[in-house]
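Read through the structure below, which is laid out as structure tokens, and then see the notes.
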Amino acid sequence: MTDFRLTPLAVSLPSTVPFVGPEAQERARGTAFEARLGANENVFGPSPRAQVAMAQADQWMYGDPENHDLRHALAAHHGIPAGQFMVGEGIDGLLGYLARLFVGPGDHVVTSLGAYPTFNYHAAGFGGTLHTVPYVDDHEDPASLFAKAAEVDAKLVYLANPDNPMGTVHEGATLTRALDMLPSGTLLILDEAYVECAPEGTAPDIDPNDPRVVRMRTFSKAYGMAGARVGYAIGAVSLIEAFNKVRNHFGMNRAAQAGALAALEDQAHLDKTVRDIALARDQIGEIAKANGLVPLPSATNFVALDCGRDGAFAKAVLNGLIARGIFVRMPFAAPQNRCIRVSCGTDADLAAFARALPGALEDAQRG
């Protein structure tokens, strides 16, 4: 049978994914990248305790479908009741569950043009109508987002702080004040994937039971566990309970649960990793400036580098780097697409980037 009975919505969607992974690019190139600096992974890796815990996990058993131990450990870590946490398959998985809970055909959602695209992907997958607002000075703009949400009666509005792909950040107090502009009936998805890398005061002081906000955190970035796919949401009890209506109850594998628990218990390793990330950000900035590029201030584990021209020029620089074995990415919407985005790496990674960048720039300048 070739005439599959897909839903009309599924038929209307493009067969695509938000990102082309480095593995697909390596297959197309026929060789591996020398430096993997495009996916905002944490090359410094997880806590050794987490690695041991994952290796020793009894994989013949399903993971605990309630994520009981991890939720209670998160509760102790944050000082918030365990009933206000939902663990899922990374922030990406949790965004999918939120879209399934809130978005039906024609429902309105709001995000920034060029912001993290997985939210858009999930919203479209359930028939949502997506509205975008532009960045302001390379920052997602709460005032614009919330005004658009009021205009279209949006069910969901997405905001990342710190931001991906630009690395910019708002002080937590700015977001707390901005909540007064959030229209009644709209839920703010506050993506805080990079918050451990950010300055003190970035996380807003919001009552975790505030029904206007659901916060997203992850073990993929500062904790170095992107491959394990562990994220969590913090929100009002009634919202957290609603996840149980739609989530994959065995979505979390046992090794990932054990690794996240062990990582949470090793805050000394997290602190060291954050210091390593800060040093790598500085190195990326120095390499950029030595080649005439402008590094944007970053509160994440990557740096956006302003190439000084338009998106076509930045894409040419990116292509030149990829041709030289350096995997990087770039924002996809103007004017942010004047930049390339370089993840923090080891000294060897960044040395390879420094060797490749002059030639990539020369190629781009020749057109």
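Numbers here simply count residues along the sequence, with the first being 1.
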Is any side-chain heavy atom of [X] less than 4.5 Å from a side-chain heavy atom of [Y]?
| X | Y | value |
| --- | --- | --- |
| Arg324 | Arg355 | no |
| Gln84 | Leu239 | no |
| Ile206 | Arg215 | yes |
| Asn161 | Val169 | yes |

Distance in Å, [X] [atom1] paired with [Y] [atom2], rounded so as to fall on 0.5 Å steps:
| X | Y | atom1 | atom2 | result |
| --- | --- | --- | --- | --- |
| Gln336 | Asp306 | CD | CG | 10.5 Å |
| Ile277 | Leu270 | CD1 | CG | 8.0 Å |
| Leu357 | Ile284 | CG | CD1 | 11.5 Å |
| Arg309 | Gln365 | CZ | CD | 7.0 Å |
| Arg217 | Asp191 | CZ | CG | 10.5 Å |
| Leu74 | Ile80 | CG | CD1 | 9.5 Å |

Would you confirm whether [X], through its side chain, and [Y], through its main-chain N or O, come within 3.5 Å as a donor-acceptor pair?
| X | Y | answer |
| --- | --- | --- |
| Glu140 | Ala160 | yes |
| Arg281 | Thr300 | yes |
| Asn42 | Lys221 | yes |
| Asp107 | Gly104 | yes |
| Gln51 | Pro46 | yes |
| Arg36 | Val43 | no |
| His122 | Leu94 | no |
| Thr186 | Ala154 | yes |

Does this structure show an ion pair linking [X] with [Y], if we count only N-O contacts that are shorter than 4.0 Å?
| X | Y | answer |
| --- | --- | --- |
| Arg247 | Glu89 | no |
| Asp138 | Arg338 | yes |
| Glu286 | Lys289 | yes |
| Arg49 | Glu265 | no |
| Asp271 | Arg275 | no |

For this session: Please step through side chain to side chain contact (heavy atoms under 4.5 Å, CB included) for the pair Tyr116 and Asp163, ending with a clear verdict.
Result: CA-CA 8 Å; Tyr116 187 59; Asp163 174 66; over 6 Å; no

Exercise. Going through the distances and angles, do Thr273 and Asp276 end up as a side-chain hydrogen bond (donor to acceptor under 3.5 Å, both in side chains)?
Worked result: CA-CA 5 Å; Thr273 298; Asp276 290 340; 5.2 Å; no

For this session: Count the heavy atoms of every other residue, nucleotide or ligand shown that sit under 6.0 Å from CD of Glu171, and state whether that count exceeds 12.
Result: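 12 or below, so no.
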
Exercise. Would one find more than 12 heavy atoms of other residues, nucleotides or ligands at under 6.0 Å from atom CG of Asp205?
Worked result: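 Check fails, neighbour count at 12 or below.
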
Nearest heavy atoms of [X] and [Y], plus distance in Å:
| X | Y | result |
| --- | --- | --- |
| Cys339 | Met166 | SG-CE, 3.9 Å |
| Ala32 | Glu26 | CA-OE2, 3.5 Å |
| Ile322 | Gln25 | CD1-OE1, 3.4 Å |
| Asn291 | Ile287 | ND2-O, 2.8 Å |
| Asp266 | Pro48 | OD2-CD, 4.3 Å |
| Ala115 | Tyr135 | CA-OH, 3.4 Å |

For this session: Could you walk me through whether Met330 and Asn337 pass side chain to side chain contact (heavy atoms under 4.5 Å, CB included), step by step?
Result: CA-CA 6 Å; Met330 63 181 286; Asn337 66 352; 4.0 Å; yes

For residues 53-68, which side-chain N or O atoms pair as donor and acceptor with protein atoms under 3.5 Å away, sequence neighbours left out?
unit_1	atom_1	unit_2	atom_2	d
Asp64	OD1	Glu66	N	3.0
Asp64	OD2	His68	N	3.0
Asn67	OD1	Gln257	NE2	2.7

For this session: Test Thr218 against Tyr223 for side chain to side chain contact (heavy atoms under 4.5 Å, CB included), laying out the working first.
Result: CA-CA 8 Å; Thr218 187; Tyr223 284 101; over 6 Å; no

For this session: Tell me whether the guanidinium CZ or amine NZ of Arg341 lies under 6.0 angstrom from the six-membered ring centre of Phe302 and within 45° of its axis.
Result: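 Flagged: Arg341 positioned over aromatic ring of Phe302.
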
Extract all donor-acceptor atom pairs below 3.5 Å that involve side chains of residues 226-237 and protein atoms in other chains or at least two apart in sequence.
unit_1	atom_1	unit_2	atom_2	d
Arg229	NH1	Ser220	OG	3.0
Arg229	NH1	Ala226	O	3.3
Tyr232	OH	His78	NE2	2.8

Exercise. Side-chain donor-acceptor pair under 3.5 Å between His131 and His108, yes or no?
Worked result: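 Judged by distance alone, the side chains do pair up.
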
Exercise. When you look at Tyr97 and Met86, which way does the side chain to side chain contact (heavy atoms under 4.5 Å, CB included) test go after all the steps?
Worked result: CA-CA 11 Å; Tyr97 295 139; Met86 178 54 62; over 6 Å; no

